[in-house]
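Okay, structure first, notes after.
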Amino acid sequence: MNFREIEKKWQDIWEKEKRFEVKNFEPNKKNAYILIEFPYPSGKGLHTGHVRSYSALDAVARKKRMQGYNVLFPMGCDAFGLEAERTAIKEHKLPQEIVARNIAIFKEQLKMVGLSVDWSREISTCDPDYYKWTQWQFLQFYKHGLAEKQETTVNYCPNCGVLANEEVENGFCCQCKAEVTQKSKAQWILKMTKYADRLVEDLKDTNYMDHIKTSQINWIGKSEGEKVTFKIKQGGSFDIFTTCIETIYGITFMVLAPEHHLVEELKDKIENYDEVLEYINQAKRKSEFERSELNKGKSGVCLKGITAINPVNNKEVPIYLGDFVLASYGSGAVMAVPSHDQRDYEFACEHNIELIPVITGKNEKSGCAYEKQDYLNDNATLINSEEFSGLEVHEAKKQIALKLENMGVAEKQVNFKMRDWIFSRQRYWGEPIPMVYCEKCGWQPVPECDLPVTLPKVDSYEPTLDGESPLSLIEDWVNTTCPKCGGKAKRETDTMPGWAGSSWYFMRYCDPKNDKEFASMDALKSWLPVDLYNGGNEHTTRHLLYARFWNKFLYDIGLSPVSEPFKSRISQGLVLGSNGVKMSKSLGNVVDPRDVINEYGADSLRVWESFMGDYFQSVNWSDDGVKACNKFITKVYNFQDILIDGESYSKELEVSIHTAIKKVTNDIDNIKFNTAISALMILANDVAKVGKINKAEYKTLLTLLNPFAPHITEEIWTNQHFEPQIKDAVWPTYDESKLVKDEIEYALQINNKIIDRVNIKTNATTSEIEDIAKNNSKIVEALNGRNIIKVIVIKDRLVNIIAK
RNA sequence: GCCGAAGUGGCGGAAUGGCAGACGCACACGACUCAAAAUCGUGCGGGAAACCAUGAGGGUUCGAGUCCCUCCUUCGGCACCA
């Protein structure tokens with residue numbers, strides 16, 4: 001049988017019929033929105049790992065349609081990004097060309113899989129008709145005060161300009177191996193932190209898998225504590241944030257981020273300023289990630305000649321710079337309590353600073369700090385803390401905070417781990433940020449009627465050495481007029497990050513051709529929220545957060561109908577190469593779906609990808625598995641040879657059929673595709689054993705298999721002239737009463753050891769079952785006169801007799 | 001370092017706290033064949049057995065792959081979260 005030929009035939013028919021095109025409103029039908037993260041069309045094309053989620057979610061979509069839903073199952077491309085730009089530079093082509101080429105490959109691959117995608121809604125983030133609206137939405141952020149320019153640091157390579165984190169390897173440029181430093185730069189940011197609380201709070205309105213909710217919550221990282229002002233003896237003051245105010249009497253030093261403004265302000269008073277400068281320069285060479293690694297040692301330098309005053313007892317303590325303190329979190333300064341914080345402890349050991357224990361309960365010589373998570377559980381009390389000594393920790397926390405607040409040196413503060421979203425990139429291949437700078441009027445938004453601000457086509461779009469975007473070199477594009485005063489002005493040359501376009505694409509799918517607005521409210525109302533959103537694990541924190549934030553903002557200004565855009569979110573496991581390593585071109589373990597489809601057919605590939613293992617876990621690719629699924633499909637195909645008449649299920653297959661319907665239905669709903677396929681294989685085995693199958697049974701089998709193997713099932717269905725056509729077939733339902741067998745086998749145990757197995761009538765009562773067990777001859781023999789202490793009856797499973 | 005996920009036969013993996021290994025691969029034997037492939041049938045964790053087996057060690061329970069604690073290993077994410 002030539003699978004490929006059959007599949008091509010049906011794919012052409014579907015396309016010609018526009019079988020999967022969907023209307024926004026379909027009277028008498030409920031809408032369902034099934035979404036897969038749109039792929040980034042890299043030059044590598046899709047590998048069999050991508051096909052796993054596509055075939056799985058396609059099965060969900062196809063089943064939903066047969067259950068009477070109006071299903072939106074769209075596809076598009078996340079086309080802006082670094083890789084296309086790099087490839088373009090390497091191949092001396094335009095990124096536009098590279099992307100067009102990659103999209104063509106990717107579409108060819110996807111179409112061969114036979115997905116029920118509505119291709120008429122296809123979008124691409126680099127299409128001006130699309131990014132016009134990304135820009136328009138940025139302007140709304142700006143107009144509502146959520147976008148502004150702020151000083152941030154960027155990775156800077158003297159030869160290659162600004163680098164992405166990804167391009168920095170151990171502090172060196174991945175291209176030219178030059179040393180990378182951190183450079184200060186004004187960049188556009190979106191004030192996502194304003195939404196931090198709601199982004200945590202509203203997770204309760206979603207059905208994300210628990211670990212995904214946890215990831216979101218941890219990323220946002222809300223913590224409540226005190227902001228405390230410390231005076232500097234030599235003049236001035238600074239703020240710190242702490243969640244452990246109860247340890248304030250244990251402070252033996254303070255640590256500032258190397259970038260802290262005090263260093264500059266107090267430079268005349270710092271006795272070892274040269275040494276300090278040297279340390280700051282060193283810190284500039286490290287990325288935040290490197291600085292974050294505890295095992296890199298506790299580097300730091302003492303600011304000699306200046307000291308801080310602990311407001312609680314006026315004690316004078318030294319101030320250090322330490323690169324483990326980040327300027328971007330809290331106030332860029334911490335109070336250090338080495339007896340009760342491990343990191344402070346290690347820093348103190350390194351720099352020979354004293355320890356003052358202020359909480360009871362732990363041997364001081366244990367070589368580590370007695371930290372919050374431990375002492376909070378120990379009902380510990382304070383020591384060495386003046387009037388607070390003897391208080392239980394929770395009480396001390398309250399009273400110390402109160403005292404400091406009354407003194408006017410502290411206030412309650414909520415901090416978030418999450419930061420505002422740095423939205424500028426000094427890159428060519430992204431959406432131009434639609435802002436104009438006028439000497440007189442400052443930053444001005446491009447008038448909405450002038451959107452999109454299109455990317456100019458240029459010859460050179462390599463990053464510039466002055467750290468500006470390559471767009472800055474295109475003078476006739478940069479120079480423009482001020483929308484406000486009409487005078488000379490310059491365009492913003494930074495572009496948006498790849499995350500921008502992907503933060504709202506699911507909305508555009510609802511109304512992809514709209515040229516009046518990014519999507520009409522009616523269209524959005526009919527589809528949102530997305531019922532099932534699937535994507536990679538690597539996107540369950542950042543992309544998901546950005547998209548939720550973006551939507552929440554649009555919701556607030558009345559442009560999105562829902563406050564949470566995704567009802568549920570799942571993430572598929574990776575498909576690794578057959579050697580158990582992530583598929584990559586350089587390792588030569590990439591499997592192209594086109595090769596598999598040409599050899600075994602798309603249906604075999606799809607069934608195998610569903611069957612290969614738990615959807616959420618990673619799994620190794622195997623060719624043998626495709627072969628096995630091909631065998632299974634062929635077996636179902638060959639049932640045409642043993643087909644007999646019959647419009648209702650036969651007695652012989654009735655239980656098998658109802659069992660399969662129940663299992664496949666529930667398993668698809670619960671994202672357990674592997675056991676759904678297994679249930680279908682069991683049904684096929686039962687049919688083979690019986691040696692015949694009637695029309696009603698075959699139709700049900702084909703319907704259940706259709707979401708996974710849509711081509712071959714439609715081929716068989718059409719060959720046999722089954723009525724109605726499969727596209728109008730209705731998903732079968734099962735009858736619970738038909739699942740009940742007359743008898744069930746029970747294991748009879750004594751003290752958890754199996755003594756015998758017996759069949760017991762399904763409708764037997766617990767006491768009847770107990771009696772059968774007690775009177776069983778093998779049990780009686782094994783008991784050998786021992787006393788029965790307890791009998792445990794587990795319905796449909798076992799009886800366990802506890803005897804002494 | 002932090003956050004998240006996961007470790008079950010030769011392999012991929014099943015298993016609402018209840019008979020571990022469903023379903024499939026590989027393998028072996030048999031049928032069909034001159035032969036092979038395909039197909040069909042049988043067997044298939046270890047052990048002669050008692051028993052032993054779900055990364056290691058503890059715990060809860062009549063009963064633990066599943067729940068709790070301590071470790072080890074692998075994978076994904078990261079912006080040290082004070």
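Keep in mind that the numbers below use all heavy atoms, side chains included, and drop hydrogens, waters and symmetry copies.
- Across the P atoms, B:A22 and B:U42 are found 15 Å apart, a figure rounded to whole Å.
- When distances run from any side-chain atom of A:K631 to the nucleotides B:C25, B:C78, B:A6, the shortest one goes to B:C25.
- Within 4.0 Å (heavy atoms only), A:S622 reaches no atom of the nucleic acid at all.
- Between B:G24, B:C62, B:G4, one nucleotide has an atom nearer to the side chain of A:F611 than all others, and that is B:G24.
- Across the C1' atoms, B:A36 and B:G47 are found 38 Å apart, a figure rounded to whole Å.
- When heavy atoms are screened at a 4.0 angstrom cut-off, A:N638 is found touching no nucleic acid atom at all.
- Going from the P atom of B:G21 to that of B:G45 covers 10 Å, rounded to whole Å.
- Judged by the 6.0 Å and 45° rule, A:R569 forms a cation-pi pair with A:Y533.
- Atom P of nucleotide B:A20 and atom CZ of A:R797 are separated by 12 Å, given to the nearest angstrom.
- Glycosidic conformation, B:G47: anti, with the torsion outside 90° of 0.
- Both A:N218 and A:G625 sit near RNA chain B, but only A:N218 has its closest nucleotide nearer the 5' end.
- With a cut-off of 3.5 Å on both Watson-Crick or G-U wobble distances, the partner of B:G18 is given as B:C62.
- One atom, CG of A:D210, and another, P of B:A6, lie 11 Å apart when rounded to the nearest Å.
- Picking from B:C25, B:G18, B:A15 the nucleotide with the shortest atom distance to the side chain of A:Q749 gives B:G18.
- B:G76 atom P lies 16 Å from atom CH2 of A:W219, rounded to whole Å.
- Annotation: A:D210, atom CG; neighbour count of heavy atoms from other residues, nucleotides and ligands within 6.0 Å does not exceed 12.
- Atom CG in A:N666 sits roughly 13 Å away from atom P in B:A15 (whole-Å rounding).
- Between A:L798 atom CG and B:A15 atom P there is a gap of 19 Å when expressed in whole angstrom units.
- Nearest to the side-chain atoms of A:A628 among the listed nucleotides B:U16, B:G24, B:C62 stands B:G24.
- A:M335 comes within 4.0 angstrom of no nucleic acid atom, judged by non-hydrogen atoms across all strands.
- The partner of B:G10 is B:C25, judged by Watson-Crick or G-U wobble contacts that both fall below 3.5 Å.
- In this structure, A:N415 reaches neither bases nor backbone, as no heavy-atom distance under 4.0 Å exists between it and the strands shown.
- Between B:A28 and B:A37, the distance separating the two P atoms is 11 Å to the nearest Å.
- A:K795 comes within contact range of no nucleotide atom at all, as no heavy-atom separation falls under 4.0 Å.
- Minimum atom distance to the side chain of A:R419 is reached by B:C81, of the listed B:C81, B:A22, B:C40.
- Taking the centre of each ring, A:F253 and A:F347 come in below the 6.0 Å mark.
- In this structure, A:K753 reaches the sugar-phosphate backbone alone: every heavy-atom distance under 4.0 Å involves primed, P, OP1 or OP2 atoms, never a base.
- At whole-Å resolution of the value, CZ in A:F324 and C1' in B:C2 are 15 Å apart.
- Remark: the separation of the P atoms in B:G65 and B:A15 is 15 Å, to the nearest Å.
- Comparing the same atom, C1', in B:A79 and in B:A14 gives a spacing of 40 Å after rounding to whole Å.
- At a threshold of 4.0 angstrom between heavy atoms, the contacts of A:N751 with the nucleic acid are absent.
- Nearest nucleotide to the A:N674 side chain, out of B:A14, B:G4, B:C23: B:A14.
- Atom NZ in A:K191 sits 10.5 Å away from atom CZ in A:F549 (nearest 0.5 Å).
- B:C78 is paired with B:G1 under the criterion used here, namely a Watson-Crick or G-U wobble arrangement in which both key atom distances are under 3.5 Å.
- Pair assignment for B:C40: B:G30, on the basis of Watson-Crick or G-U wobble contacts that are both within less than 3.5 Å.
- Among the protein residues, A:I682 comes within range of the sugar-phosphate backbone only, with heavy atoms under 4.0 Å from sugar or phosphate atoms but none that close to a base.
- Taking the side chain of A:L574 as heavy atoms from C-beta on, and the options B:G76, B:G4, B:G77, the nearest nucleotide is B:G76.
- Using atom P as the reference point in both B:G59 and B:U66, the two lie 14 Å apart (nearest Å).
- Atom-to-atom, NE2 of A:H211 to P of B:G4 comes out at 11 Å; the value is rounded to the nearest Å.
- Taking only distance into account, the side chain of A:N800 meets the base of B:C62 through a donor-acceptor pair shorter than 3.5 Å.
- Residue A:V619 places its side chain closer to B:G12 than to any other of B:G18, B:G12, B:C81.
- Base pairing of B:U70: its partner is B:A56, meeting the Watson-Crick or G-U wobble criterion (both donor-acceptor distances under 3.5 Å).
- For the pair A:M192 CE and B:A79 P, the computed distance is 13 Å after rounding to whole Å.
- The side chain of A:I792 approaches B:C62 more closely than any other nucleotide in the set B:A82, B:C62, B:A14.
- B:G43 and B:A56: their P atoms are spaced 31 Å apart (whole Å).
- Of the listed nucleotides (B:C25, B:G77, B:C3), B:C25 has the atom at the smallest distance from the side chain of A:D624.
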